Protein chains: 2
Amino acid sequence: MSKKEIIHLYKKIIEDLKSLIEKGDYKKGDLLPSENELCKKYETTRVTIRQALSALANMGYITRKHGKGSIVSEPKSGLGILSLSGVTANIGDRKLTTTILQKPIKKAWPDDFFFDLGEDELAAGCIFFSRLRYINNTPVLYEETHISNVDLPHFSSRTLENKSLFKILKEHYKIEVKEGEQKIWAIHADKNISHLLNIKTSHPIVHMKRRLQTNNKGVRIYSSLYCNTEENFLQDSF
Amino acid sequence: MSKKEIIHLYKKIIEDLKSLIEKGDYKKGDLLPSENELCKKYETTRVTIRQALSALANMGYITRKHGKGSIVSEPKSGLGILSLSGVTANIGDRKLTTTILQKPIKKAWPDDFFFDLGEDELAAGCIFFSRLRYINNTPVLYEETHISNVDLPHFSSRTLENKSLFKILKEHYKIEVKEGEQKIWAIHADKNISHLLNIKTSHPIVHMKRRLQTNNKGVRIYSSLYCNTEENFLQDSF
DNA sequence: AAGTTTTACTTGTATATACAAGTAAAATGC
DNA sequence: GCATTTTACTTGTATATACAAGTAAAACTT
């Protein structure tokens, strides 16, 4: 018996509008069609349209203005997830590349793991991998990631080089990051980090540990990252 | 003619439930009254109750579970606003004190101000103050704050020592932080910072610049902070 | 006693409707 | 020409209702 995946109307409207915004059909500052126009288009009533629009507003895609309409917002990095920006405002002309130092492997959690783990999580072990990110061929950010070991078919063989981890989790496994916390230190680069990032050991480095919760309660993402902020900085919006 | 401040029902419900949660009448894990019970209590219908509950869910006060109810969440530091935590889990037995180095004064924006300012904002000038925060009598965090110069009566004379800036803005001026962005660097302490935080100039320091938007579109808060993360760290949840 | 079904409750999705209130441009009056 | 009023549109708040679907405990069956 196939589980019929009924797709709810308000969710379809959300996806439709979101993709139109992401595609660029609606740009920053544009007005979306009015609630009544959307009612006609989707053959529904304002309550349902408003359910979709208020979700989009909460996700930061639009802002709503009483008496005027739904105004498309500036694209956001979203959810406070950290992104990497250069001191130059324009990121378009800078080349961001990634190399995988450790391909995803199953292993036990490290004994000295910084965040507290649940019993189930501890017993199941984790998937570990590490990446080094370059801006214009200069290594800038080293990141070690641990993911709770749940069933993620073919995850190990996926190419993490060019695609965002978050995109892969969303597209292939329907896993989305919901919330999280991060802890931040400034440290001196140790021997290992200074070698990886090609800097002196006395160089100041941002060290950050993050725990991200997802919509799949079994899946949590832990990452520990080291960033050389001499010519770049870490940026976060919320 | 006095502008009658009609208070909307769904907003009253939000405030009621929020304060019951904040007071501790409902604790983490508790179930709120069901939607139908709330309908009776407030003499309204489920659509209005659900409007309030979904707002509370978005604010992180509750999570909703299909077929079960509205579950009260863990109190959050909220909105990704940075807080200061020690390496010891228990913050209760550590003494956090603040001294004001520069009392709030009106002044022009610095010429080299890091964030872009709107024309109105630039013309109006700003309120500036700086604070130094201690944990167990050790200086740990130095913060310079600029607020858009709008009408905040008696702000300069308020005591910023013991109360959170956010609390003052909320309680006295109904200004709440909505969203923001932050940029993070690791740097070596310069002469000024090393003197303030009582450390060597070579010491690594977290430098962070934040811009916070509020529900009052004229009011933005800019802060630049320097933190010694040798025995403490900066923590952020979102 | 153990597994299954029923029941009573919960939240989720949706339709249909009404009036209030903000916005901006067109129509009006002087 | 310029200020005011009207109008047509927008989103905001609210009521009333219906059925779908998840949850958990009670009732029933074997």
Side-chain angles (χ1 to χ4, degrees), chain A residues 1-18 21 26 29-73 174 178 215-217, chain B residues 1-18 21 26 29-73 178 215-218:
Chain A
M1 225 179 282
S2 79
K3 189 176 158 188
K4 55 176 169 183
E5 294 250 357
I6 70 151
I7 178 84
H8 293 292
L9 180 54
Y10 86 100
K11 279 186 178 160
K12 178 174 162 42
I13 299 169
I14 291 173
E15 289 311 312
D16 279 7
L17 293 172
K18 205 161 80 171
I21 291 169
Y26 293 111
D30 289 356
L31 287 178
L32 291 189
S34 76
E35 294 180 357
N36 282 318
E37 285 175 299
L38 291 171
C39 284
K40 280 179 208 155
K41 179 171 174 191
Y42 289 100
E43 293 178 307
T44 181
T45 54
R46 275 184 67 215
V47 180
T48 299
I49 294 295
R50 284 177 66 79
Q51 191 178 3
L53 290 176
S54 77
L56 285 168
N58 271 317
M59 290 188 268
Y61 284 90
I62 58 173
T63 59
R64 319 202 64 211
K65 193 112 212 264
H66 189 179
K68 196 161 186 207
S70 300
I71 303 157
V72 176
S73 301
K174 289 187 178 169
K178 288 281 179 203
N215 53 352
N216 180 327
K217 66 182 171 184
Chain B
M1 224 179 281
S2 77
K3 189 177 159 189
K4 54 176 167 182
E5 294 250 355
I6 70 151
I7 179 83
H8 294 292
L9 181 54
Y10 86 100
K11 280 186 178 161
K12 179 173 161 39
I13 298 169
I14 291 173
E15 289 310 312
D16 279 7
L17 292 173
K18 204 160 80 172
I21 291 170
Y26 293 112
D30 290 355
L31 287 178
L32 292 188
S34 76
E35 295 180 356
N36 283 317
E37 286 175 299
L38 291 170
C39 284
K40 280 179 207 154
K41 179 172 176 192
Y42 289 100
E43 293 177 308
T44 181
T45 54
R46 276 185 66 215
V47 180
T48 300
I49 295 294
R50 284 176 67 79
Q51 191 178 3
L53 290 176
S54 77
L56 285 168
N58 271 317
M59 290 188 269
Y61 283 90
I62 58 173
T63 59
R64 319 202 64 212
K65 192 114 213 259
H66 190 179
K68 196 161 186 205
S70 300
I71 302 157
V72 176
S73 302
K178 288 282 178 202
N215 53 352
N216 180 327
K217 66 182 172 184

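Treat the numbers as computed from the prediction; the structure is a model and nothing was measured. Letters A, B, ... are given to chains in the order of the sequence lines, protein chains preceding strands, and every chain is numbered from 1.
Across A:V72 and A:I62, no two heavy atoms sit closer than the pair CA-CG2, 4.1 Å. What you find for B:L53 and B:S70 is that their closest heavy atoms are CD1-OG, 4.0 Å. Heavy atoms only, all atoms of each residue included: A:Y42 and A:D16 are closest at OH-OD2, 2.8 Å. Contact record, A:C39 with A:T45: SG-C, 3.4 Å, taken as the closest heavy-atom pair. Nearest heavy-atom pair, B:Y10 versus B:A52, reported as atom, atom and distance to 0.1 Å: O-CB, 3.7 Å.
Protein atom CD of A:E35 is 17 Å distant from nucleotide atom P of C:dT17, rounded to whole Å. For B:L32 and C:dT10, the CG to C1' distance is 13 Å, given to the nearest whole Å. Regarding A:I7, its CD1 atom lies at a distance of 14 Å from the C1' atom of C:dG12, rounded to whole Å. Atom CG in A:L31 sits roughly 11 Å away from atom C1' in C:dT23 (whole-Å rounding). Per the geometry, CG belonging to A:L38 stands 14 Å off P belonging to C:dT15, to the nearest Å. The CG atom of B:L9 sits 17 Å away from the P atom of D:dG12 (whole-angstrom rounding). When rounded to the nearest whole Å, the span between CZ of A:R64 and C1' of D:dC9 equals 15 Å. Nucleotide D:dA8 holds its C1' atom 12 Å from the CG atom of A:N36, rounded to whole Å.
The NZ atom of A:K65 lies 11.0 Å from the CG atom of A:L31; values are rounded to the nearest 0.5 Å. The CD atom of B:E37 sits 10.5 Å away from atom CG of B:L32, with the distance rounded to the nearest 0.5 Å.
Counting heavy atoms from C-beta outward, B:L56 and B:L17 have side chains that approach closer than 4.5 Å.
Note on B:K65: a side-chain N or O is less than 4.0 Å away from OP1 or OP2 of D:dT23.
Within a heavy-atom distance below 4.0 Å of DNA chain C, the residues of residues 40-53 of chain B found are B:R46, B:R50.
Residue contacts shown for A:H66 include a base, since a base heavy atom lies under 4.0 Å away.
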Please write out each protein N/O paired with an N/O of nucleotides 24-27 of chain D under 3.5 Å, distance rounded to 0.1 Å.
from, atom 1, to, atom 2, distance (Å)
D:dA24, OP1, B:K68, NZ, 3.2

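Salt-bridge check for A:K18 with A:E15: passed, with a basic side-chain N closer than 4.0 Å to an acidic carboxylate O.
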